[in-house]
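Since the structure comes first, as structure tokens, the remarks are kept for the end.
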Amino acid sequence: MEYKFTDIEKKWQDQWKNDAVYKVSNDSARPKYYVLDMFPYPSGTGLHVGHPLGYIASDIYARFKRLKGFNVLHPMGYDAFGLPAEQYAIDHGIHPAVSTEQNIKNFRAQLDKIGFCFDWDRQVKTSDPHYYKWTQWIFLQLFHSWYNRQTQKAEPLTNLVEIFEKDGNKNQPIPNTQFQLPADEKKPLHADSSYFSADRWKAFDESTKQSILMEYRLAYCGYGEVNWCEGLGTVLANDEVINGVSERGGYPVVKKKLRQWYLRITEYADRLLEGLDRIDFSEAMKEMQTNWIGKSYGAEVNFKLDAGPVLKVYTTRPDTIFGVDFMVIAPEHELVEKITTAAQKNAVEEYIAYVKSRSERERMAEKKISGCFTGAYAINPFDEQKKIPVWISEYVLAGYGTGAIMAVPCGDERDFKFAKHFNIPITNIIGKYYNGEEANPTKDAILDNSGFLNGTVMRDAIGIVNKKIEELGIGERKVNYKMRDAAFSRQRYWGEPFPIVWKNGIAYSLNEKDLPLELPHVDSYKPGPEGEGPLANIPSWVAKELETNTMPGYAGSSWYFLRYMDPHNEKEFCSRKASDYWGQVDLYIGGTEHAVGHLLYSRMWTKALYDLGYIGHDEPYKKLVNQGMIQGSSRFVYRVINPLNNAQQIFISKKYFDKYSPNNVSDLLDLAKLLHEKITSFLFDDESFGLIKINPIHVDVNIVNGIELDVEAFRKWKPEYVNAYFLLEDGSISSPTGGGREGDYICGTEVEKMSKSKFNTVNPNDLVSRYGADTFRMYEMFLGPVEQSKPWDTKGIEGVHRFLKKLWRLFYDELKGKIWNDAKATDGELKILHKTIKKIEEDTERFSFNTAVSAFMIAVNEFNDIKCNKKEILQPLLILLTPYAPHICEELWHELGNSSTILDASFPKLEEKYLVESTKNYPVAINGKTRTELNIALDATQQQVEEMILGDDVVKKWLEGKSPKKIIYVKNKMINVVV
RNA sequence: ACCCGGGUGGCGGAACUGGUAGACGCGCAGGACUUAAAAUCCUGUUUCCCGAAACGGAAGUACGGGUUCAAUUCCCGUCCCGGGUACCA
């Protein structure tokens, strides 16, 4: 009986489906465990071997937890709204719903072959109205809520109105400090522009009230910049803009302000930081989120400008205020227009036009220093003699702080370079700490040239200056966050419609009973007028004054983990009973590319839902494991392009590509001679050989075995290659007519992103049909640590497949048939088994699946060596292995006589007694270099060890008669003799 | 530019908390079985030096420094590669 993986896998997949073994109940006496994979986007290209990596890891863990007695939720679904489907619709005229459905079918078929334990009854799709009804509903909760800074949580907006009616907003300042109330007619001179009394609130008209409330809503409307492409008449994603022009068509792209929805995530900044202490994410991940939130303590300082207005800057280093040599404000700062002098007007406008064409990323990445003087000067409040020139430059972004900085070149590298570049004189306020060659950002220097701060250590000066600034009323201490509110609208079709109607410029929500607001059918995906989305082209939609923006891709994925708990609930997004039972996602697996997007948004939504009392926990993911990317391993063939005959297809093996430099004339002549000698139809003359080119061309990795090209498959790959000649590695020729061929054609290799265009994608289906799902699953894990990125190479899969065949042969012999037996296991056999139990349990628990696979190989090799075919040993081994290779284990489990599924077996219990050792082979090092090994009892004392060491011949030889200075003996580790 | 991660044989990787660098697998080389092939099994495989071999010696974890009895592991600096940088998902 041989290992027929195709039959076995088919049989058990069908059986499992019929028996609904993966159906999960919300009602169980067992403890719960929730394993989740990051929501996949069903792309048109289908799965390649990189995608299932995380799913296999989570599947193994889910199955492992089930064996350990948990009620495990392991669901799967689709993040089905998104830009690619819409782009596909624009290009091919196929409705996104249709192509998405097709893609999902394809995905599902691929997933099913791998044998995952997903409970498909719980599948969700974000583009399904049954799902996005609740996305819209949650949006409305955010729309109807505000963040109470006193209680530090989201509350219904009705609370806020009550507060306003009682106290005005004196205790609840408007989050956006730039916001200005309409002028107060009663006390126009003294009115603070952002505070109002209860009386005044009551006197506001509806429109003013609504625009003030909008300033507090967690989901609010404002204005923001988008990538506007006049040529395409549309707004582009950052991805679609390359070097300031559109990816499609190459039209210029500029920034344009459009009305946008936002989520007030900045109000949650502190709680998002605090929450990181309570969740098990990697330090790197926490650091990335912390840096993204970017909390800093500093001061806002007002500088008077000679041109009249006041310039507000944010600085984290107020101690350096005497070192301010110039100001830099963002080119889009509202003051620029007001303060620019007539003489500088042209230069400034030109510079602003340049900056408008630049993406934020380009601006930050730019090494070349650029900027423009506005002609205006600021006055240092502590040194009124000092006139500080005001510049604009792209390196200052409008969205961060106040969009203006005070530049201190002796203490800040970027400011220093700017000053040098524009010949701005540099004031040294840190004495010998500044060498004139580079800035020194120290906080430990003693201040100099700093008026009343002279002689103070910078660190201490910060507080002194802050106090002074506040006393003088020229500024205040300020906590600042780099994070900005999340833009929450897209001028696109394929997303959730907002349940919002506009009446007289005021946004009102739809009633809950009118949800879902279904996405209407459109005939064209072209943008609407003025950069609005395609929905603006539908007369009936516009007539109802419905919002024409749609929600962004992350709307549906911000809460999907909750819907899986209660996927068919028509009354609620998720019942409190279900979310209380399942609670947090215990294990979340996905890539680091979501570090600051999805993971922050879903954390915020969870906190808001928690604040409003809809769920009982405020962090969605208890533990996060980041899976690395599987990179493609590309293969290249080298085509010789003969200028005398462009159409001729001649490929040279890697050796010759390495040997002949395409830039060296004599190399090219040698190559031409060689080719002519071997292939008579290859001709050259005195002029042409110098023009020969050698082009590396991506070749489909599926027709390359390791690095050897299947030349016949290559000729069939594309019509132009039918008559290809190959100069093989051994110098022989493979010609299209056949004959004369002996050697191999060797390809070049390179590690690149896995993508269709590089012909380096490998479809899991192909591998599953060739080796089986169990082999595929184990090989994906065997490649290396889940967290690490690594290149894919199909070649090594054979080793894992051999392992499974070897396992099979412990049960069945090809000739003798059944060989497993009921004999009693020896201590030696039990030792191997329990060593393996220990290793597998530990490795699985810490997600070290690659070493677990090795441990299985070692165990099977050892049992094979000692011819152990005993059921007593093999049965627990199968249970250990079943999370990794479920099909073969289920088959053998039943062959051993079990009738219930192995999925519900219990994980073997480790018996330490089989593993106890009394001695150890200690490595003995002399001066840190291992020289010999000694077998010593584990309970040996320092003295006993020293005696043994000094009596050893090898040690004596290395001591050369000298006596050791010290003998270091670390129990159960090693011995080091210091001479 | 900024933030995060990574760099170990021909290749993927192992070494979990500073303690025998290279487990396991691929590939390669040699051998057994076979008419042959496949499958399977056995042996070897970091590099260099000495040597017939056993054995022995030296170097070695991107590069340059440092801490330590001992560094792939900790610290400082440099280079290279990957992810993210707010509308790809």
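Owing to the predicted nature of the structure, the values given are computational and were not obtained by experimental measurement. Naming: A, B, ... by sequence-line order, numbering from 1 per chain.
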For [N], does either OP1 or OP2 sit under 4.0 Å from a side-chain N or O belonging to [X]?
X	N	result
A:R802	B:rG25	no
A:K368	B:rA1	no
A:N850	B:rG12	no
A:T930	B:rA21	yes
A:K805	B:rU40	yes
A:R484	B:rU85	no
A:N861	B:rG25	yes

Along RNA chain B (nearest heavy atom to each residue), the more 5'-positioned of A:N864 and A:M285: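 Taking each residue's closest nucleotide, the earlier one in sequence belongs to A:M285.
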With RNA chain B as reference, determine whether A:L236 or A:D865 sits nearer its 5' end, using the nearest nucleotide of each.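 On the 5' side of the pair lies A:D865.
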Under the rule for side-chain contact (heavy atoms from CB on, under 4.5 Å), what residues qualify as partners of A:K286, not counting sequence neighbours?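 A:L276, A:F281, A:E283.
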Can you list everything that forms a side-chain contact (heavy atoms from CB on, under 4.5 Å) with A:T851? Sequence neighbours excluded, please.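 side-chain contact (heavy atoms from CB on, under 4.5 Å) check on A:T851 returns A:K839, A:D843, A:R846, A:S848.
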I need the [atom1]-[atom2] distance between [X] and [N], as an integer number of Å.
X	N	atom1	atom2	value
A:H801	B:rA38	NE2	C1'	13 Å
A:R414	B:rC3	CZ	P	11 Å
A:L783	B:rC26	CG	P	13 Å
A:K790	B:rG25	NZ	P	19 Å
A:Q788	B:rU72	CD	P	18 Å
A:Q631	B:rG7	CD	C1'	12 Å
A:W292	B:rG83	CH2	P	17 Å
A:M629	B:rA89	CE	P	17 Å

Residue [X], side-chain heavy atoms: nucleotide from [options] that is nearest:
X	options	answer
A:A365	B:rC87, B:rU20, B:rA1	B:rA1
A:E593	B:rG57, B:rG19, B:rG83	B:rG83
A:R931	B:rG12, B:rG83, B:rA58	B:rA58

Could you check A:M857 against A:V800 for side chain to side chain contact (heavy atoms under 4.5 Å, CB included), going step by step and ending with a plain yes or no? CA-CA 8 Å; A:M857 289 174 169; A:V800 174; 3.9 Å; yes
A:Y3 and its side-chain contact (heavy atoms from CB on, under 4.5 Å) partner, picked from A:H801, A:K806, A:R809: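 Answer to the side-chain contact (heavy atoms from CB on, under 4.5 Å) test with A:Y3 among A:H801, A:K806, A:R809: A:H801.
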Scan A:T234, A:L232, A:V235 and name whichever one has a side-chain contact (heavy atoms from CB on, under 4.5 Å) with A:P527.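 With A:P527 as partner, side-chain contact (heavy atoms from CB on, under 4.5 Å) holds for just one option, A:T234.
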Taking atom [atom1] in both [N] and [M], compute the distance separating them and give it to the nearest angstrom.
N	M	atom1	value
B:rA23	B:rG82	P	29 Å
B:rA52	B:rG60	P	28 Å
B:rG9	B:rC16	C1'	23 Å
B:rG65	B:rA71	C1'	14 Å
B:rG22	B:rG7	C1'	16 Å
B:rC81	B:rC75	C1'	24 Å
B:rC50	B:rU72	P	27 Å
B:rG13	B:rU8	P	8 Å

Under a 4.0 Å N-O cut-off, is there an ion pair linking [X] with [Y]?
X	Y	result
A:K835	A:E862	yes
A:K420	A:E413	no
A:R492	A:E240	yes

Report which part of the nucleic acid [X] touches: base, sugar-phosphate, or nothing (heavy-atom distance under 4.0 Å, all strands).
X	answer
A:G553	nothing
A:M857	sugar-phosphate
A:K482	base
A:K971	nothing
A:V977	nothing
A:E933	base
A:R846	base
A:S43	nothing
A:V596	sugar-phosphate
A:E366	nothing
A:L83	sugar-phosphate
A:Q289	nothing
A:M38	nothing
A:K966	nothing

N/O donor-acceptor pair, side chain A:Q491 with base B:rC87, under 3.5 angstrom: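 Answer is yes: a donor-acceptor pair is held.
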For the side chain of A:N291 and the base of B:rC3, is some donor closer than 3.5 Å to an acceptor across the two?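 Under the 3.5 Å cut-off, the side chain and the base do not form any donor-acceptor pair.
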Are the side chains of A:V786 and A:F849 in touch, meaning some heavy atoms are under 4.5 Å apart?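 Yes, side chains in contact.
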Minimum side-chain heavy-atom gap A:I589-A:M38 below 4.5 Å: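 They are not in side-chain contact.
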Stems formed with participation of RNA chain B [Watson-Crick or G-U wobble, under 3.5 Å, three or more pairs]: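 The stems that RNA chain B takes part in, listed by first number, are B:1-7 with B:79-85, B:10-12 with B:24-26, B:27-32 with B:40-45, B:46-49 with B:56-59, B:62-66 with B:74-78.
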Please determine whether salt bridge (charged side-chain N to carboxylate O under 4.0 Å, His left out) holds for the pair A:E366 and A:R358, giving the CA-CA distance in whole Å, both sets of side-chain angles, and the decisive distance to 0.1 Å. CA-CA 10 Å; A:E366 185 58 68; A:R358 306 262 292 166; 2.7 Å; yes
With syn defined as a glycosidic angle within 90° of 0 and anti as the rest, where does B:rG30 land?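 Here B:rG30 takes the anti form, which means its glycosidic angle is more than 90° from 0.
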Would one find more than 12 heavy atoms of other residues, nucleotides or ligands at under 6.0 Å from atom NZ of A:K838?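 12 or below, so no.
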